[in-house]
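When reading the values below, keep in mind they use all heavy atoms of this one structure, side chains included, and skip hydrogens, waters and symmetry mates.
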Amino acid sequence: MLPEAAPYPTPGAPAGKFVRQPRTLPSVTSYDQLLPLDVPTSLEMEYAPVLGLHGKLMSRIVFGTLFLSKADDPCALLDAVRQTGCNAFDCAAVYGGGECERLLGVWMRERKVPREEVVLITKGGCGGQDKLWAADLHPDNVRSDLINSLTKMGVSYVDLYLLHRDQPSRPIPEIVDMMHTLQQEGRYTAWGVSNWDLSRLREAIAYARANGKAGPVCDSPQISLAVPTRPVWPDTKFADREALEFFAESGVSVLAWEVLGKGFMTGKWDRADAEKAEALHAKIAADPEFARSFGPTGKLAAEWREHQLTTAYCTEENFKRRERVAELAASKGLTMAQVALQYVASLPFNAFVQVGTTSAKHFGENSVGGSIHKLSKEEVRWLETGSDGFVRDGPKLACSRPGKRKQQSPEEFVPPF
């Protein structure tokens, strides 16, 4: 059972006292179905309230279901996820064409998971990859996406429903009124946004408060120590300093995605890759014929995607931050991924970290990012800027498997956006 609910935070205030809850094992059909876990024996998952959920608590780590349909045994994977203490599951209408939502619903029914013990999050209002995830916030489309998601999961409501993209051509009052109506129908407890400009989020909150409507309670931007030079994917948003300050002031909860920078923070790419990216960029500029063939479709699609990522993440400042992550991880007996996840969970606002993987072992390792073992303010500042002032040493978590940890494959970590 979940711990007793914390007091519901008032609008405009930070999201209340966080709850430190020891990891407990859920009731499942058979633990023989669980895949191997490598979870520190001292792990204590942290839970926190989210505005609008009336005290219901959500684990700091949120399982992203983007790759659930690719898992060898989706139900066993979800069993293992729940074993870590994670009670939050993030879906979207476009993930696997709806198959990820369906599989999550199958698991809940087969394992008889009590609905009140999990936090279900899903997103809608945008197309798939064939439409470059373009937003369509027409009320009929949003309603259709929502009802289809509920049907696939086999539930009557979700806890949080997020608009996956913004459509700036649609007025904020129209969007808030639409979402208020759906909330009043009982189809979700609260709603939020993903990849919105901060100005639009502020406007939506202000309109809702001024008119007694249910406004957005959470945002889902990209947050990472690896700061991209530009949006990596169409119409996505990276939380800048202004956004981070707003989250701290407003009490808006944050569901951070792509925290590991598509694997950059775990060691993917080096300075040689940055030099190759610069050379390829020069070739694109100098060869118009090659430039026309170099895009998201066709024979060079994989190379185009790689170029998008390396030119976004392979900066000297990011390499230095990664080196500091490696140093701090070594001093704590953690992996680089665990420290990068802890960094986001330790920011001074109500941040939750999304992790998507098909490996129970990898999820178990990275559930450490949502534990009560946070980074200090000094450690956060040092990771960001390199400014000194603290001793990079601290208690090491007792692990179920002593010795040096194997660095997990960064390809396993592609949190949903």
Side-chain angles (χ1 to χ4, degrees), residues 9-15 48-53 58 62 90 92 121-126 133-139 142 145-146 158-183 188-224 227-228 230-259 344 347-354 415-417:
T10 57
V50 174
L51 285 172
L53 295 190
M58 189 162 85
V62 178
D90 176 84
I121 307 162
T122 196
K123 303 182 287 292
C126 80
W133 304 281
D136 181 357
L137 300 186
H138 187 282
V142 173
D145 277 357
L146 174 56
V158 291
D159 297 280
L160 288 170
Y161 190 71
L162 275 58
L163 297 177
H164 210 160
R165 293 287 194 280
D166 189 17
Q167 189 175 8
S169 62
R170 289 198 176 273
I172 286 296
E174 176 185 315
I175 295 173
V176 174
D177 289 348
M178 168 188 68
M179 298 303 288
H180 176 80
T181 297
L182 292 171
Q183 190 260 1
Y188 47 77
T189 306
W191 69 279
V193 301
S194 178
N195 299 301
W196 276 36
D197 282 331
L198 181 58
S199 61
R200 293 268 290 178
L201 175 57
R202 288 181 185 272
E203 184 182 351
I205 293 173
Y207 173 81
R209 287 179 177 171
N211 293 275
K213 305 283 186 177
V217 302
C218 63
D219 188 14
S220 185
Q222 184 193 2
I223 301 179
S224 174
V227 179
R230 50 168 172 69
V232 180
W233 309 115
D235 296 323
T236 58
K237 295 293 183 292
F238 185 90
D240 58 16
R241 183 58 56 185
E242 182 184 3
L244 300 184
E245 292 174 354
F246 170 76
F247 298 147
E249 296 168 356
S250 66
V252 167
S253 298
V254 179
L255 280 61
W257 57 267
E258 205 161 287
V259 171
V344 173
L347 292 173
F349 49 81
N350 201 24
F352 300 87
V353 181
Q354 298 186 37
F417 58 89

[Y] and [X], any side-chain heavy atoms less than 4.5 Å apart:
X: Thr122; Y: Leu160; value: no
X: Asn211; Y: His180; value: no
X: Leu201; Y: Lys237; value: no
X: Thr189; Y: Val158; value: no
X: Asn195; Y: Ser220; value: no
X: Ile205; Y: Arg202; value: no
X: Leu163; Y: Trp196; value: yes
X: Asp219; Y: Leu162; value: no

**Prompt:** Which word best sums up how the rings of Tyr188 and Tyr161 line up, parallel for under 30°, tilted for 30 to 60°, or perpendicular for over 60°?
**Reply:**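 Taking Tyr161 first and then Tyr188, their aromatic rings lie parallel (interplane angle under 30°).
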Quick one: side-chain hydrogen bond (donor to acceptor under 3.5 Å, both in side chains) partners of [X], sequence neighbours excluded?
X: Glu245; answer: none
X: Asp177; answer: Tyr207
X: Ser224; answer: none
X: Asp145; answer: none

Is [X] reaching over with its side chain to a backbone N or O of [Y], donor-acceptor style, under 3.5 angstrom?
X: Asp159; Y: Ile121; answer: no
X: Trp191; Y: Val217; answer: no
X: Thr236; Y: Pro231; answer: no

[X]: side chain to side chain contact (heavy atoms under 4.5 Å, CB included) partners, not counting sequence neighbours:
X: Arg170; result: Leu137, His138, Pro139, Gln167, Glu174, Ile175
X: Ser199; result: Asp197
X: Ala208; result: Val176, Lys213
X: Ala92; result: Val94, Tyr95, Lys123, His164

**Item:** With sequence neighbours excluded, residues passing ring pair (Phe, Tyr, Trp, His ring centres under 6.0 Å) with Phe352
**Value:**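 None.
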Closest approach of [X] and [Y], non-hydrogen atoms and distance?
X: Pro216; Y: Gly192; result: CB-CA, 4.1 Å
X: Pro221; Y: Val254; result: CD-CG1, 3.7 Å
X: Asp136; Y: Val142; result: O-CG2, 4.1 Å
X: Leu51; Y: Gly251; result: CD1-O, 3.2 Å

**Request:** Tell me, please, which residues at least two apart from Asp166 pass salt bridge (charged side-chain N to carboxylate O under 4.0 Å, His left out).
**Result:**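 By the salt bridge (charged side-chain N to carboxylate O under 4.0 Å, His left out) rule, Asp166 matches Arg200.
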**Asked** Taking only residues two or more places apart in sequence, or in another chain, which ones meet Arg230 in a salt bridge (charged side-chain N to carboxylate O under 4.0 Å, His left out)?
**Response**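 Partners of Arg230 under the salt bridge (charged side-chain N to carboxylate O under 4.0 Å, His left out) test: none.
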**Request:** Compute whether any side-chain donor of one residue and acceptor of the other, for Asn350 and Ser253, lie under 3.5 angstrom apart.
**Result:**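 Present: a donor and an acceptor within the cut-off.
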